[in-house]
Amino acid sequence: MSTAGKVIKCKAAVLWEYKKPFSIEEVEVAPPKAYEVRIKIVATGICRSDDHVVSGNLHSPLPVILGHEAAGIVESIGEGVTTVKPGDKVIPLFIPQCGKCRICKHPESNFCMKADLRKYQGTLVDGTCRFTCRGKPIHHFLGTSTFSEYTVVDEISVAKIDAASPLEKVCLIGCGFSTGYGSAVNVGKVTRGSICAVFGLGGVGLSVVIGCKAAGAARIIGVDINKDKFAKAKELGATECINPQDYDKPINQVLYEMTDGGVDFSFEVIGRLDTMVSALLCCQDSHGVSVIVGVPPNAQSLSMNPMALLAGRTWKGALFGGYKSKDSVPKLVADFMAKKFPLEPLITNVSPFAKINEGFDLLRSGKSIRTVLTF
Ligand code: PAD
Ligand code: ZN
Ligand code: ZN
């Protein structure tokens with residue numbers, strides 16, 4: 001029996017309070033309104049950005065259904081939707097691409113004016129929610145909310161992908177892989193023969209390593225305080241890995257000396273202020289490019305000596321690897337299907353959705369790269 005046009009009751013992981021486990025609840029998911037799409041989620045990854053909300057590092061109104069790295073199948077569409085249809089395989093987009101705003105029209109930028117991340121409203125574009133639980137409205141997260149069997153997204157926040165793609169793998173293209181890979185190839189624009197340093201070797205950092213290698217970097221130096229991450233980093237292209245705790249001088253100085261005056265490209269893929277500064281200072285002072293990928297703690301700032309930039313360093317950042325999401329995600333999936341890059345090494349754990357809290361514990365303890373939850 002078709003569920004189109006009806007409220008769907010299903011399981012979702014609701015975060016009622018910060019720093020508390022998710023609670024698996026029965027939620028009601030309203031049908032999509034005009035220009036919205038209801039999706040049956042098949043697989044969703046756990047990204048550190050979800051955990052940043054749980055820990056209070058990243059603001060989001062509560063209660064909320066988190067999750068933003070997923071793949072699924074369209075269940076039904078609202079009026080006026082033309083780019084996807086029921087049965088299509090899709091990836092939800094945490095940065096939408098409306099195609100009409102000034103940002104979408106700019107060739108180099110991707111942070112669409114319609115992105116919830118600009119306002120942290122926790123709603124769809126029309127300012128309302130499609131989820132309720134125990135009679136209360138539940139907020140959306142980044143317009144995606146994939147920790148639910150069914151979710152509703154705006155049409156600008158979903159991309160149709162190859163019908164043959166394995167959803168339990170390509171879900172990583174919804175965030176971690178694309179963010180890391182794009183940070184290297186689009187944002188930093190890593191050049192052939194260059195020296196790169198990647199701070200943080202989680203799912204996103206390892207994807208930066210894959211991107212640096214694809215761009216032809218000659219040296220890729222992984223930096224992490226968890227040496228258990230080094231073997232995988234080397235398998236994916238890191239030429240050396242170092243642990244800041246093994247040195248009695250600042251890690252930027254160690255890198256500066258290891259590279260005869262600094263790396264060409266550095267990436268902060270942790271989300272800490274101190275490592276953002278180390279990543280900046282370890283890059284060559286007149287042409288080095290340092291890219292911030294990690295999400296910094298809520299409402300904290302840095303004080304900087306502008307001399308660090310005066311001779312010509314570039315300090316930049318980007319969301320979702322700088323990709324225009326709706327245009328790029330189908331192409332990234334096609335590239336994965338054509339074996340241009342691997343996703344399998346990033347997936348260390350696959351668990352049923354009900355084990356979401358264990359999945360977060362694995363991330364927090366440094367034992368997993370990506371856990372993919374399946375429904
Ligand atoms: P992760 O927790 O899997 O990886 C972080 C890595 O950093 C781990 O291997 C840690 O051991 C390591 N680490 C922690 N502290 C230090 C330190 N002081 N020095 C060196 N290494 C350290 O996270 P992830 O890979 O899922 O995400 C990484 C960051 O990227 C995180 O802040 C996340 O919120 C952010 C992110 N940004 C975007 C974006 O669009 N910019 C998208 C997705 C994730
Ligand atoms: Zn993410
Ligand atoms: Zn836009």
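First listed ligand is number 1; within each ligand, the first listed atom is number 1. Worth knowing before you read on, the calculation uses all heavy atoms, side chains too, and leaves out hydrogens, waters and symmetry mates.
Relative ring orientation between F267 and F265 is described as parallel, the plane-to-plane angle staying below 30° on a 0-90° scale split at 30° and 60°. Classification of the F141-H68 ring pair by plane angle, with boundaries at 30° and 60°, yields perpendicular.
A continuous path of ILVMFWY side-chain contacts below 4.5 Å connects I270 to V263, so both sit in one hydrophobic cluster. Grouping the Ile, Leu, Val, Met, Phe, Trp and Tyr side chains by contacts below 4.5 angstrom, directly or via other members, places V223 apart from I369.
Ring centers of Y181 and F341: under 6.0 Å apart, within the cut-off. Taking the six-membered ring where the residue is Trp, the centroids of F22 and F360 are separated by under 6.0 Å.
Within 6.0 Å of atom CG in N305, more than 12 heavy atoms from other residues, nucleotides or ligands are found, so the atom counts as buried in its surroundings.
Within 4.0 Å of ligand 1, contacts by protein heavy atoms are made from C47, R48, S49, H52, F94, C175, T179, G200, L201, G202, G203, V204, D224, I225, N226, K229, V269, I270, G271, R272, T275, V293, G294, V295, A318, L319, F320, L363, R370.
Looking only at protein N/O/S atoms, the ones less than 2.8 Å from the Zn ion (ligand 3) make 4 in total. Legend: protein N/O/S atoms lying under 2.8 Å from the Zn ion (ligand 2), waters omitted, number 3.
Between D154 and K114 there is no salt bridge, since no side-chain N of the basic residue sits under 4.0 Å from a carboxylate O of the acidic one. A salt bridge is defined here as a Lys NZ or Arg NE, NH1 or NH2 lying under 4.0 Å from an Asp or Glu carboxylate O, and R134 with E26 fails to meet this definition. Between K85 and D88 there is a salt bridge, since a side-chain N of the basic residue sits under 4.0 Å from a carboxylate O of the acidic one.
For F336, there are no ring pair (Phe, Tyr, Trp, His ring centres under 6.0 Å) partners, not counting sequence neighbours.
A distance-only check finds no donor-acceptor pair linking the side chain of N186 to the backbone of S183 [under 3.5 Å].
The distance from atom CD1 of I91 to atom OG of S325, rounded to the nearest 0.5 Å, is 11.0 Å.
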